[in-house]
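Below: the structure, in structure tokens.
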Amino acid sequence: MTRIIGLTGGIASGKSTVSTMFKEAGIPVIDTDQIAHDLYQKGTTVYDAIVNHFTSDILLTDQSINRKKLGQIIFANKTKRDELNQIVHPEVYHVVDAEIERYKELDEPIVVVDIPLLFETGYDKECDATVVVYTNYENQIERLISRDQIDRDYAAMKIDAQLSLDAKKEQATYVIDNSFSILDTKRDFNHVLEQLEVK
Ligand SMILES: CC(C)(COP(=O)(O)OP(=O)(O)OC[C@H]1O[C@@H](n2cnc3c(N)ncnc32)[C@H](O)[C@@H]1O)[C@@H](O)C(=O)NCCC(=O)NCCS
Ligand SMILES: Nc1ncnc2c1ncn2[C@@H]1O[C@H](COP(=O)(O)OP(=O)(O)OP(=O)(O)O)[C@@H](O)[C@H]1O
């Protein structure tokens with residue numbers, strides 16, 4: 001029986017940091033950001049649907065999708081964000097479901113699905129347990145500013161595009177606090193592995 005663990009957090013809370021820890025523990029991770037990224041390649045139905053909806057204004061000179069510009073559009077406008085989500089999410093979850101079936105055929109004991117919008121899309125209902133990577137709002141802002149080289153207002157806009165981290169924490173089976181050092185986070189992570197009885 002393959003157990004499905006939904007991994008989420010807030011933007012820049014540390015999902016990828018914890019996702020790497022699962023991989024280092026030998027646990028397969030399905031990364032929905034990466035799946036969405038791959039679906040954006042020129043020639044896919046998602047690429048065509050996005051260009052059709054948002055026009056070629058969101059293309060770079062090499063005809064690839066200008067992720068930065070698309071981000072600026074959708075993080076500032078909920079209607080456009082919902083429209084992009086309606087184009088992308090069904091295709092992402094189609095790939096996720098196929099990946100999970102493959103792991104079930106391999107009789108993999110546990111699979112982690114890294115989904116930024118786990119609760120927003122209701123995919124937590126498909127999981128046997130959920131893990132929320134938590135940090136405080138100020139940390140999220142600071143990390144976004146330094147990682148994405150954006151200003152405070154845009155960082156706040158990106159954070160506000162999701163359910164609050166406190167709300168996600170409330171719904172989580174397990175919470176990993178990623179507010180301090182990576183060593184502290186690793187301690188929380190190892191505790192979650194024990195709870196999941198991963199040998
Ligand atoms: C807006 C886009 C172009 C920005 O691309 P960029 O390379 O700058 O960021 P990346 O894809 O790595 O996402 C970074 C983080 O942004 C947040 N985020 C991404 N999409 C969304 C969204 N639709 N709503 C809320 N937060 C989002 C997540 O926390 C994600 O981890 C891209 O995120 C996108 O296409 N999003 C729509 C598809 C989606 O919802 N992806 C999330 C996983 S299914
Ligand atoms: N404990 C920590 N202390 C300091 N910086 C951290 C910590 N954890 C993560 N970071 C940094 O914060 C940024 C966000 O981390 P990470 O990419 O893991 O978050 P994420 O939730 O996957 O982000 P996104 O939602 O954008 O995919 C990165 O630049 C990372 O190096």
Side-chain angles (χ1 to χ4, degrees), residues 6-24 29-41 44 46-47 49-51 53-54 57-60 64-97 99 112-124 131-150 154-165 167-168 176-189:
L7 170 66
T8 195
I11 188 165
S13 67
K15 282 184 312 305
S16 305
T17 301
V18 170
S19 169
T20 302
M21 293 179 185
F22 275 111
K23 289 176 197 165
E24 287 167 351
V29 177
I30 299 170
D31 179 347
T32 57
D33 275 338
Q34 186 54 53
I35 292 171
H37 211 283
D38 296 344
L39 287 172
Y40 279 27
Q41 299 315 307
T44 64
V46 167
Y47 174 97
I50 289 174
V51 175
H53 188 79
F54 290 91
D57 291 352
I58 51 99
L59 294 180
L60 294 166
S64 66
I65 287 177
N66 183 341
R67 302 175 66 82
K68 192 169 175 183
K69 189 166 182 183
L70 187 54
Q72 284 161 349
I73 293 169
I74 71 139
F75 287 118
N77 182 311
K78 183 173 182 331
T79 305
K80 293 192 184 302
R81 182 162 69 244
D82 291 345
E83 288 162 358
L84 181 62
N85 289 345
Q86 275 153 32
I87 293 170
V88 179
H89 289 175
E91 299 302 319
V92 169
Y93 285 120
H94 183 70
V95 174
V96 170
D97 291 342
E99 289 272 287
V112 169
V113 192
D114 177 346
I115 309 185
L117 305 177
L118 177 73
F119 294 111
E120 292 89 336
T121 59
Y123 201 83
D124 58 306
V131 176
V132 168
V133 182
Y134 180 82
T135 196
N136 57 62
Y137 188 85
E138 200 42 43
N139 264 351
Q140 272 185 283
I141 291 277
E142 289 308 318
R143 291 174 187 174
L144 272 173
I145 290 171
S146 74
R147 185 191 70 183
D148 296 359
Q149 295 299 298
I150 56 178
Y154 190 30
M157 218 182 271
K158 286 190 165 190
I159 293 170
D160 294 347
Q162 294 185 23
L163 205 56
S164 77
L165 249 179
K168 295 184 179 183
I176 292 176
D177 190 345
N178 186 38
S179 303
F180 308 101
S181 76
I182 298 290
L183 220 57
D184 292 319
T185 304
K186 190 66 186 284
R187 207 170 294 124
D188 264 16
F189 170 78

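Sequence positions, counted from 1, serve as the residue numbers for this chain. Order of appearance sets the numbers: ligands from 1, and atoms from 1 within every ligand.
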(message) When you compare ligand 2 with Ile11, is there at least one nitrogen or oxygen pair between them that comes in under 3.5 angstrom?
(response)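 In fact, backbone or side chain, Ile11 has no N or O that close.
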
(message) Is there a polar contact between ligand 2 and Ser16, counting only N or O atoms under 3.5 Å apart?
(response)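 For ligand 2, there is an N or O atom that lies under 3.5 Å from one belonging to Ser16.
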
Any atom of ligand 2 sitting under 4.0 Å from a heavy atom of [X]?
X     : value
Gly10 : yes
Ser13 : yes
Gly14 : yes

(request) For ligand 2, indicate whether the residue Asp33 contacts it via side chain, backbone, both or neither (heavy-atom separation under 4.0 Å). (result)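 Contact part for Asp33 vs ligand 2: side chain (C-beta onward).
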
(message) Counting only heavy atoms closer than 4.0 Å, does ligand 2 sit against the backbone of Lys15, its side chain, both, or neither?
(response)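 The part of Lys15 near ligand 2 is both the backbone and the side chain.
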
(request) Would you kindly say whether Asp82 and Gln86 are connected by a side-chain donor-acceptor distance under 3.5 Å? (result)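 Checked: Asp82/Gln86 side chains show no N/O donor-acceptor pair below 3.5 Å.
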
(request) Taking atom types as modelled, find out whether Ser181 and Asp184 have a side-chain donor-acceptor pair closer than 3.5 angstrom. (result)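 A donor-acceptor contact under 3.5 Å links the two side chains.
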
(request) Could you check which of Lys158, Gln162, Arg147 puts a non-hydrogen atom nearest to atom 24 (P) of ligand 2? (result)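 Residue with the shortest heavy-atom distance to the ligand atom: Arg147.
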
(request) Counting heavy atoms only, name the option from Glu142, Gln140, Arg143 that's nearest to atom 7 (C) of ligand 2. (result)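 The option holding the nearest heavy atom is Arg143.
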
(request) Work out whether the distance between some heavy atom of Lys68 and some atom of ligand 1 is less than 4.0 Å. (result)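 Per 4.0 Å heavy-atom rule, Lys68 does not contact ligand 1.
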
(message) Can you report which non-hydrogen protein atom sits closest to atom 9 (C) of ligand 2, along with the distance?
(response)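 The answer is Thr17 OG1, 3.5 Å.
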
(request) For Ile182, counting its heavy atoms only, list the atoms of ligand 2 lying under 4.0 Å from any of them. (result)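 Per the distance check, 1 (N), 2 (C), 7 (C), 8 (N).
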
